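Working notes, structure below.
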Amino acid sequence: MPFLIETKKKIGSVQNTRKITRAMQLVAANKMKKFQGLALASRAYAWSLLDTLTLLSGSFDELPFASRAGTGPSTPLGTSRTGKRLFVVVTSDKGLCGALNQNILKTLFRSSEWTGTPVSERLLITIGRKSHDAARSLGIPVVEHLQGLTEELTPELALSAVDRILTRWMSGECGEVLFASSHYVNAFTARPTLKV
C-alpha cells in the first residue's frame, strides 16, 4: 500500500512540473515573438540608413567617422590610419541559448583578423557577461566591459555604448574597429559574423 501512495505522489509531482514547464514555454514564446519583431523592424531601418549613407558618402568626407576603411580623423583619404585594432564582441548575459555565444567567440578568436594581429596591437571590448567571462578564462585582457545593455535597450543606453567605442576611435587609440556578433536569420538560426 505505501508503494501505491508514493507512486501517486510522483505522478502528481510530474504533472505539476509539466504544467509549470508549459507555462514557462508560453511566456518565453511570447517574449521571443516580441523581440523578433523588434529585431526585424530595426534591421530594415538600419539597411535603409546604410544604403543612404553609401549613396551620400562623397558628401561627408570632412566628418571624422565618414572616412573609408583604413582612414580616420585628420588622415587624408587613401592613406592608412595607424593605431591598434579594436575588437568588440557582443554576447548574451545569460546562457540557455544553445551554441550562440560559443559560435560568436569561436568566430572572433579563430578569425584571421584576430590571429593575424599581434597581441600588443589588440584591444578587446566585451558586451555581455558570457564574452567577458570567456576572455577572462582565456587570459585575454579586456580594456572595457560594457554592462547594463539588457533586452529592454533604450536609445540612451545604446548611444552611451557607441560613444565609448567611438571615443577610443576618435582619440586615435585604435585604427580599426571590428564587431563580432550574431546575425539573426530565424528562430532556429543565428549566424556569427565579424564586421569591420
Side-chain angles (χ1 to χ4, degrees), residues 42-43 45-93 100-149 153-184 190-196:
S42 63
R43 182 184 294 170
Y45 172 75
W47 290 133
S48 299
L49 184 61
L50 283 172
D51 288 343
T52 304
L53 287 173
T54 303
L55 288 171
L56 301 172
S57 63
S59 309
F60 298 120
D61 288 345
E62 69 279 356
L63 295 176
F65 4 87
S67 53
R68 294 184 193 99
T71 64
S74 68
T75 306
L77 284 174
T79 60
S80 181
R81 184 166 188 244
T82 59
K84 299 180 178 186
R85 259 188 174 168
L86 176 62
F87 294 90
V88 181
V89 60
V90 183
T91 59
S92 68
D93 283 329
L100 176 83
N101 293 323
Q102 288 301 318
N103 288 339
I104 294 168
L105 294 169
K106 280 182 198 173
T107 298
L108 172 62
F109 296 138
R110 292 181 182 174
S111 69
S112 59
E113 289 85 355
W114 179 266
T115 56
T117 305
V119 176
S120 61
E121 293 296 309
R122 289 184 206 148
L123 298 172
L124 179 64
I125 291 179
T126 57
I127 299 174
R129 190 173 55 85
K130 291 297 180 179
S131 58
H132 185 66
D133 291 348
R136 274 193 5 224
S137 69
L138 293 170
I140 299 168
V142 176
V143 293
E144 192 168 359
H145 173 57
L146 302 180
Q147 298 180 48
L149 302 176
L153 186 65
T154 63
E156 292 81 17
L157 281 173
L159 286 172
S160 73
V162 169
D163 185 52
R164 288 159 82 175
I165 294 166
L166 280 177
T167 300
R168 291 182 184 276
W169 192 79
M170 292 289 294
S171 70
E173 183 181 357
C174 61
E176 189 175 21
V177 181
L178 294 96
F179 283 88
S181 62
S182 65
H183 176 76
Y184 176 82
R191 292 196 190 103
T193 58
L194 184 63
K195 297 177 185 173
V196 179

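Predicted model, so just to flag it, every value in this text is computed and none were measured. For the numbers below, each heavy atom of this structure counts, side chains included, while hydrogens, waters and symmetry mates do not.
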**Q.** Spatial distance of atom CD1 (Ile127) from atom NE2 (His132) [nearest 0.5 Å]
**A.** 13.0 Å
Q) Backbone N or O of Thr91 within a donor-acceptor pair of the Asn101 side chain at under 3.5 Å? A) no
Q: To the nearest 0.5 Å, tell me how far Leu166 CG sits from Leu159 CG.
A: 10.0 Å
Q. Quick one: OG1 on Thr167 to CD on Glu173, what's the gap to the nearest 0.5 Å?
A. 10.0 Å
Q. Run the side chain to side chain contact (heavy atoms under 4.5 Å, CB included) check on Val143 and Phe87 step by step: do they pass?
A. CA-CA 10 Å; Val143 293; Phe87 294 90; over 6 Å; no
Q.
Run the side-chain contact (heavy atoms from CB on, under 4.5 Å) test against Leu100 and tell me which residues pass, sequence neighbours left out.
A. Cys97, Ile104, Ser182, Ala190
(Q) Walk me through whether Leu194 and Leu108 qualify under side chain to side chain contact (heavy atoms under 4.5 Å, CB included). (A) CA-CA 7 Å; Leu194 184 63; Leu108 172 62; 4.0 Å; yes
Q. Can you name the nearest heavy-atom pair linking Ser137 to Ala134, along with the distance?
A. OG-O, 2.9 Å
Q.
For the backbone of Val177 and the side chain of Arg85, can you confirm whether one donor and one acceptor N or O come within less than 3.5 Å of each other?
A. no
Q) Step by step, would you call Arg168 with Glu144 a salt bridge (Lys or Arg N to Asp or Glu O under 4.0 Å)? A) CA-CA 11 Å; Arg168 291 182 184 276; Glu144 192 168 359; 3.2 Å; yes
(Q) Is there a side-chain contact between Ile165 and Phe179 in this structure, where contact means two heavy atoms from C-beta onward sitting under 4.5 Å apart? (A) yes
Q: Output the distance between atom CZ (Arg129) and atom OG (Ser92), rounded to the nearest 0.5 Å.
A: 8.0 Å
Q | 4.5 Å side-chain heavy-atom contact, Phe109 and Ile140 | A | yes
Q: Report the distance from atom NZ of Lys130 to atom CD of Gln102, rounding to the nearest 0.5 Å.
A: 9.0 Å
(Q) Give me the atom names and distance for the closest heavy-atom approach of Trp169 to Cys174. (A) CA-SG, 3.6 Å
Q. Is it the case that His145 and Thr126 place a side-chain donor and acceptor less than 3.5 Å from each other?
A. yes
Q: Might you point out which heavy atoms bring Ser160 and Leu157 nearest each other, and give the distance in Å?
A: OG-O, 2.8 Å
Q. Only one of Val89, Val142, Leu86 forms a side-chain contact (heavy atoms from CB on, under 4.5 Å) with Ile125, so which one is it?
A. Leu86
